[in-house]
Amino acid sequence: MAEQKIQAPKGVSEYVPPRSAAFEFVRESLIEPARKAGYQLIELPVFEDTELFTRGVGESTDVVSKEMYTFQDRGNRSITLRPEGTAGVMRAVIEHGLDRGQLPAKLWYSGQFFRAERPQAGRYRQFYQVGIEAIGLDDAAIDAEVIAIADAGFKSIGLTKYRLEITSLGDAQSRAAHRVDLVKFISSMSLDEATSARAALNPLRLFDDKRAEIKEAMAKAPLLADYLNESSRAHFEQVKKYLDVLGISYILNPRMVRGLDYYTGTTFEFVHELLGAQSGIGGGGRYDGLMAELGGQALSGIGFGLGVDRALLAAEAEGVINENSFASDLFIIPLGEAAKEMAMRIAGELRAAGKSVEIAFGDRALKGAMKGADKSGARYVIVLGDSEISSTTVELKEMKTGATSSVKIASLIKAI
RNA sequence: GUGGACGUAGCUCAGCUGGUAGAGCACCCGGUUGUGGUCCGGGAUGUCGCGGGUUCGAGCCCCGUCGUUCACCCCA
């Protein structure tokens, strides 16, 4: 009697062949622009001291207050599965003194993150993000470069149907001034209990409400953009200028709301048009107070997190993923024991030379093995049997055209 | 956390007013000795998500549960 099947935990995203190849392509595409810009890998634990997030991300945020996977470990420490990447990076930067060298410290990461939300299209309890952080300098050019790197990643996947929204949340001073007026404005609205509770937590949230009547009411609400002090405003103007220079189009969204408390100044979001309710494929911004809050120097930083799962969904929605680009160069079909040994030797040599090579295992009949070669999508196929071994020559067949040519085994490397 | 829809072979799904399961694709074998994608023939495959209830009898009805999905909320 078979045991009960064990299923994956609720809401996790898993990638198995053939889709895993597309996932890998998307993830690598998102990372590559960061590498090219001199960002270096930082590999961090997926669990951290809970306090890192309550202090770093902010206790009032939904992410911290109701979406964290938190548990006691065997030493009674409170541990949390990371719900986002920036806080952990800052912790490691401080802990390893990366802020003591040349600034900015430029780092990239990639991995799983965890949020205990109700799953939905594009929203998972374990999901993948690629992110970068540039820490230690307040130069507006860095803001623009960070945005450009994210944009380059999406472009290299082949995405076109997305938009970049930007705004500035200003510095603490600007925000405080705006908040006073916004709270005053909101108090004049009549709101249901849940909504006013949300507004009490973070009044900016109401800018994001999807209900028509709230949208209408909020149309006249004071905008943070109008409260920026001179230095915040000047910084943001510079950022926009650099984006123009880079030819990156954006739209200003002074009503943008971000869910993490640490954002200040330049803030941005990439939104895809073909996705459902979860349409944000990436976002980020500057954070002035985070490092000091975590016990480090008072340095500013800026970074982003890009959703690999959602970028893949977006790529599939746009139909820009080409499955065949993940196939092997050569497929070898050995007939007989001697041929099998030779096939493995040849495969080893070609692989060492950078080619991707597969072998038909299991002593399949030729017809079945050819089918396997066809399914694999391999560009070329060769059949290895006694006559090929004695003549040291094989018929190299190009699967797509069916054309064959005689090639010395020793010259295969040049032929494929 | 709230609300709606769904859960039948590996995949996509059909299954009439309840009478003990089917299609297409995929997979395996073959269509005379060593070359795939088309065509033809044959074959394997399911505790109908799980548990309980109603019934002479349930894939079809009821309850629960797990999961998926869509929206809210939130965000990547």
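Chain letters run A, B, ... following the sequence lines, proteins first, then strands; residues in each count from 1.
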B:U65 versus B:G24 - spacing of their C1' atoms, nearest Å: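 Taking atom C1' in both B:U65 and B:G24, they lie 33 Å apart.
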
B:C27 versus B:G10 - spacing of their P atoms, nearest Å: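 My reading of the P atoms in B:C27 and B:G10 gives 15 Å.
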
Verdict with supporting geometry, A:E28 and A:R35, salt bridge (Lys or Arg N to Asp or Glu O under 4.0 Å): CA-CA 10 Å; A:E28 295 308 307; A:R35 285 203 190 99; 3.7 Å; yes

Would you kindly check whether a donor in the side chain of [X] faces an acceptor in the base of [N], or vice versa, at under 3.5 angstrom?
X      : N     : value
A:K371 : B:G37 : no
A:D374 : B:G36 : yes
A:R310 : B:C75 : yes
A:K400 : B:G36 : no
A:E395 : B:G34 : no

Contact list for RNA chain B against residues 108-124 of chain A - heavy-atom distance below 4.0 Å: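 Within this stretch, A:R115, A:E117, A:R118, A:Q120, A:A121, A:G122, A:R123, A:Y124 sit under 4.0 Å of the strand.
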
Nucleic acid contacts of residues 31-44 of chain A, taken as heavy-atom distances under 4.0 Å to RNA chain B: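 None, since no heavy atom is under 4.0 Å.
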
Side-chain (A:R82) to main-chain (A:E48) donor-acceptor, under 3.5 angstrom: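 Checking the backbone N and O of A:E48 against the side chain of A:R82, no donor-acceptor pair under 3.5 Å is found.
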
Any donor-acceptor N/O pair, A:S390 side chain to A:E388 backbone, under 3.5 Å: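 Absent.
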
Length of the line joining A:R258:CZ and B:A76:P, which is rounded to integer Å: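 Answer to the nearest Å: 4 Å.
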
Pair A:S300-A:D288, side-chain donor/acceptor within less than 3.5 Å: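 Yes.
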
Whether A:F127 stacks on the six-membered ring of B:A76 base, 5.5 Å and 30° limits: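 Stacked: ring centres under 5.5 Å, planes under 30°.
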
Sugar-phosphate only, base, or nothing, as touched by A:K367 at under 4.0 Å among non-hydrogen atoms: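 Result for A:K367 = base.
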
Sugar-phosphate, base or nothing in reach of A:G372, heavy atoms under 4.0 Å: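 It contacts nothing in the nucleic acid.
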
Geometric class of the A:F304/A:F268 ring pair [parallel <30°, tilted 30-60°, perpendicular >60°]: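 Because their plane-to-plane angle is over 60°, the rings of A:F268 and A:F304 count as perpendicular.
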
Parallel, tilted or perpendicular: ring planes of A:F23 versus A:Y128, cut at 30 and 60 degrees: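 Geometry flag for A:Y128 against A:F23: perpendicular rings.
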
Residue-phosphate contact under 4.0 Å: A:K10 side-chain N/O, B:G67 OP1/OP2: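 Looking at the OP1 and OP2 atoms of B:G67, one of them is under 4.0 Å from a side-chain N or O of A:K10.
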
A:Y162 and A:F154 aromatic centres sub-6.0 Å: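 For A:Y162 and A:F154, the ring centres are under 6.0 Å apart.
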
